[in-house]
Amino acid sequence: MTATETTEAFIASADAHSAHNYHPLPVVVATADGAWMTDVEGRRFLDLLAGYSALNFGHGNRRLLDAAKAQLERVTLTSRAFHHDRFADFCRELAALCGMEMVLPMNTGAEAVETAVKTARKWGYRVKGVPDGRARIVVASDNFHGRTTTIISFSTDAEARADFGPFTPGFDIVPYGDLAALREAVTEDTVAVLLEPIQGEAGVLVPPSGYLQGVREVTRERNVLFIADEIQSGLGRTGRTFACEHEGVVPDMYVLGKALGGGVVPVSAVVSSSEVLGVFRPGEHGSTFGGNPLACAVALEVIAMLRSGEFQRRAAELGEHLHHELGLLTDTGHVTQVRGRGLWAGIDIAPAYGTGREISEKLMDRGVLVKDTHGVTIRIAPPLVISKEDLDWGLAQLRGVLGV
């Protein structure tokens with residue numbers, strides 16, 4: 001059996017037995033280490049996507065694997081019907097990392113966003129005094145917060161919404177980065193503004209300077225919660241622990257996920273004040289696996305790694321180099337725009353040189369894995385442990401694909 005036939009056999013089997021809700025590149029990964037992945041045929045690929053930031057600390061990070069293995073030998077799940085001995089430490093340490101007081105753990109990012117929506121509404125009724133059933137949340141166009149029915153109710157992506165209605169009411173959509181429109185949308189019934197500090201799926205869109213500060217001012221003035229979805233942008237990706245820090249902003253609530261589980265287990269959380277998360281009573285929200293011992297053990301190690309500042313510094317330093325090199329491509333005309341911060345970039349390819357998907361496939365043939373979005377854009381978000389030499393090699397392959 002040839003290499004192509006073997007890869008095709010894996011893909012054909014997956015296509016035959018799984019729903020076609022993704023369109024992955026035709027590579028079948030078997031093992032991975034650091035910033036590199038190896039497929040079933042032994043071909044190596046440089047990972048410049050890092051699981052959409054879930055793998056900020058690289059594949060097979062030894063500290064995280066050791067933490068997971070140690071916990072696997074003790075206890076992996078109790079459900080929240082009982083206490084376990086890793087839970088308090090996890091909540092305390094994550095709250096401290098965020099400069100907050102309380103944590104509500106879940107598993108996936110979408111679950112955390114759903115939790116944030118429920119929290120904001122309950123806070124609005126119990127604390128702000130919004131009349132029952134009238135709570136509204138302001139969100140931004142081109143957002144990506146997940147794919148549950150409620151979340152796609154405030155998406156502006158037609159593909160995400162088609163055939164999935166009826167949709168959940170209670171959301172007001174304004175253009176991302178338009179502070180005047182956001183200010184106008186806030187009413188007495190508004191309980192929260194929910195934003196990504198940098199929009200990932202939209203193509204790594206960075207808002208105008210001062211926008212997040214303006215949002216913070218509006219929400220304070222109007223007694224509205226500012227919810228920052230830092231599922232992709234948080235935990236070191238942009239060169240700071242949180243992307244909000246670039247504008248000196250502290251929201252009322254962080255929504256976290258992806259890198260919090262270290263690429264080992266799914267871990268997500270809502271982190272806020274006791275006034276906000278204190279609105280919950282037993283039985284009003286929960287998750288069988290949320291805050292399980294294995295998840296807490298891994299996340300505790302992630303938090304310890306972030307406390308060193310090493311990964312934030314690395315993302316800042318390598319990110320400056322990345323954006324300098326990508327900026328040179330705009331001078332050639334092969335790239336029309338580069339956006340991003342830290343080790344995170346959205347690159348718009350000039351249509352004459354191919355679609356985002358076509359460029360991604362050509363890079364795959366050269367041993368580099370990225371992901372396209374919105375037709376012309378490719379995203380780069382390597383593990384924060386990537387070496388400068390490997391990053392430069394990956395950028396050289398991009399230049400080669402573009403013929404620069």
Next on the checklist: I'd like to know whether R220 forms a side-chain contact (heavy atoms from CB on, under 4.5 Å) with F226, so could you lay out the CA-CA distance, the side-chain angles of the two residues, the decisive distance to 0.1 Å, and finally the verdict.
Outcome noted: CA-CA 8 Å; R220 279 206 180 106; F226 179 11; over 6 Å; no
Checklist entry - Does the pair E201/R379 count as a salt bridge with the N-to-O cut at 4.0 Å? => result yes
Item to check | For the student: nearest non-hydrogen atoms of T150 and E114, plus distance | outcome: CB-OE2, 3.3 Å
Checklist entry - Does the side chain of S273 come under 3.5 Å of the side chain of E101 through a donor N or O and an acceptor N or O? => result no
Checklist entry - Do side-chain atoms of T187 reach the backbone of D189 as a donor and acceptor pair under 3.5 angstrom? => result yes
Checklist entry - At their closest point, which heavy atom of D372 faces which heavy atom of R357, and how far apart are they? => result CB-N, 3.5 Å
Checklist entry - Is it the case that more than 12 heavy atoms not belonging to H20 sit under 6.0 Å from its NE2 atom? => result yes
Next on the checklist: Please give me the minimum heavy-atom distance between V370 and L25, naming the atom from each residue.
Outcome noted: O-CD1, 3.5 Å
Checklist entry - Any side-chain heavy atom of I347 within less than 4.5 Å of one from T377? => result no
Item to check | Test item: D390 side-chain N/O and S387 main-chain N/O as donor-acceptor pair under 3.5 Å | outcome: no
Checklist entry - With a 4.5 Å heavy-atom cut-off, do M305 and L64 have their side chains touching? => result yes
Checklist entry - From R126 CZ over to T119 OG1, what is the distance, rounded to the nearest 0.5 angstrom? => result 12.5 Å
Checklist entry - Taking Q213 for the side chain and E247 for the main chain, is one N or O donor matched with an acceptor at less than 3.5 Å? => result yes
Checklist entry - Does atom CG of N21 have more than 12 heavy-atom neighbours, drawn from other residues, nucleotides or ligands, at distances under 6.0 Å? => result yes
Checklist entry - With side chains defined as the heavy atoms from C-beta onward, is the minimum distance between W393 and V368 less than 4.5 Å? => result yes
Checklist outcome for this item: Taken to the nearest 0.5 Å, the spacing of R63 CZ from F57 CZ works out to 9.5 Å
Checklist entry - Cut-off 3.5 Å, side chains only: do R216 and T219 have a donor facing an acceptor? => result yes
Next on the checklist: When you measure from the side chain of R240 to the backbone of E245, do you find a donor-acceptor pair of N or O atoms at a distance under 3.5 Å?
Outcome noted: yes
Checklist outcome for this item: CG (L343) and CG (N56) are apart, to the nearest 0.5 Å, by 9.0 Å
Checklist entry - Is E221 paired with R183 through a side-chain N to carboxylate O contact shorter than 4.0 Å? => result yes
Checklist entry - Is there a side-chain contact between L398 and I378, using heavy atoms and a 4.5 Å cut-off? => result yes
Checklist entry - Which atoms form the tightest heavy-atom contact between A35 and P383, and what is the distance? => result CA-CG, 4.0 Å
Next on the checklist: Closer than 3.5 angstrom, by distance alone: can the side chain of N292 be matched with the main-chain N or O of F289 as a donor-acceptor pair?
Outcome noted: yes
Checklist entry - For K118 and E284, what are the C-alpha separation, side-chain angles and deciding distance, and is it a salt bridge (Lys or Arg N to Asp or Glu O under 4.0 Å)? => result CA-CA 10 Å; K118 290 178 69 175; E284 293 179 342; over 6 Å; no
Checklist outcome for this item: Scanning both residues in full, the closest heavy-atom pair of A259 with S53 reads CB-O, 3.3 Å
Checklist entry - Hey, is R44 close enough to D39 for a salt bridge, meaning N to O under 4.0 Å? => result no
Checklist entry - Out of Q232, H323, R339, which residue meets the side chain to side chain contact (heavy atoms under 4.5 Å, CB included) rule with W344? => result Q232
Next on the checklist: Assess, by modelled atom type and distance only, whether the side chains of H321 and D392 contain a donor and an acceptor separated by less than 3.5 Å.
Outcome noted: yes
Checklist entry - Does atom CD of E159 have more than 12 heavy-atom neighbours, drawn from other residues, nucleotides or ligands, at distances under 6.0 Å? => result no
Item to check | Pair Y176 and Y211, ring centroids less than 6.0 Å apart | outcome: yes
Item to check | Criterion side-chain contact (heavy atoms from CB on, under 4.5 Å) on V267 and V298, from CA distance to verdict | outcome: CA-CA 9 Å; V267 185; V298 172; 5.6 Å; no
Next on the checklist: Could you check whether any side-chain heavy atom of L306 comes within less than 4.5 Å of a side-chain heavy atom of L97, counting everything from C-beta outward?
Outcome noted: yes
Checklist entry - Does the side chain of T355 reach to within under 4.5 Å of the side chain of V376, using non-hydrogen atoms? => result no
Checklist entry - Roughly how far apart are L94 CG and C91 SG, rounded to 0.5 Å? => result 7.5 Å
Next on the checklist: Has H17 got a side-chain atom pairing as donor or acceptor with A12's backbone, closer than 3.5 angstrom?
Outcome noted: no
Item to check | Residues H84, L77; criterion side-chain contact (heavy atoms from CB on, under 4.5 Å); working and verdict | outcome: CA-CA 9 Å; H84 65 79; L77 179 66; over 6 Å; no
Checklist entry - For F280, does the CZ atom have more than 12 heavy-atom neighbours from other residues, nucleotides or ligands under 6.0 Å away? => result yes
Checklist entry - Do the ring planes of F87 and F90 sit parallel (below 30°), tilted (30 to 60°) or perpendicular (above 60°)? => result tilted
Checklist entry - Looking only at atom types and distance, does a side-chain atom of R43 sit under 3.5 Å from a main-chain N or O of M37, one as donor and one as acceptor? => result no
Next on the checklist: Does this structure show an ion pair linking E230 with R237, if we count only N-O contacts that are shorter than 4.0 Å?
Outcome noted: no
Checklist entry - Is there a side-chain contact between F144 and Q199 (heavy atoms, below 4.5 Å)? => result no
Item to check | Side-chain donor-acceptor pair present, S268, E111, cut-off under 3.5 Å | outcome: no
Next on the checklist: Checking the side chain of R314 only, and the main-chain atoms of L384 only, is there a donor and an acceptor separated by less than 3.5 Å?
Outcome noted: yes
Checklist entry - Within the distance-only criterion (no hydrogens, no angle test), does the side chain of H246 pair as donor or acceptor with the backbone N or O of T238 below 3.5 angstrom? => result yes
Item to check | Residue pair D229 / L195, side-chain heavy-atom distance below 4.5 Å | outcome: no
Next on the checklist: One thing to verify: whether R62 and D33 come together as a salt bridge, which I'm taking to mean a side-chain N less than 4.0 angstrom from a carboxylate O.
Outcome noted: no
Checklist entry - Hey, are E317 and K388 close enough for a salt bridge, meaning a charged N less than 4.0 Å from a carboxylate O? => result no
Next on the checklist: With a 6.0 Å cut-off (strictly less than), is the heavy-atom count around CD of Q337, excluding the residue itself, greater than 12?
Outcome noted: yes
Checklist entry - Could you go step by step and tell me if V276 and L225 meet the side-chain contact (heavy atoms from CB on, under 4.5 Å) rule? => result CA-CA 9 Å; V276 173; L225 300 179; 3.9 Å; yes
Item to check | R92 bridged to D89 by N-O distance under 4.0 Å | outcome: yes
Item to check | Over-ring placement of R136 relative to F171, 6.0 Å and 45° cut-offs | outcome: no
Checklist entry - Looking only at heavy atoms, which two atoms of P382 and L391 are closest? And how far apart? => result CG-CD1, 4.4 Å
Item to check | Under 3.5 Å: donor-acceptor pair, side chain of R161, backbone of S153 | outcome: yes
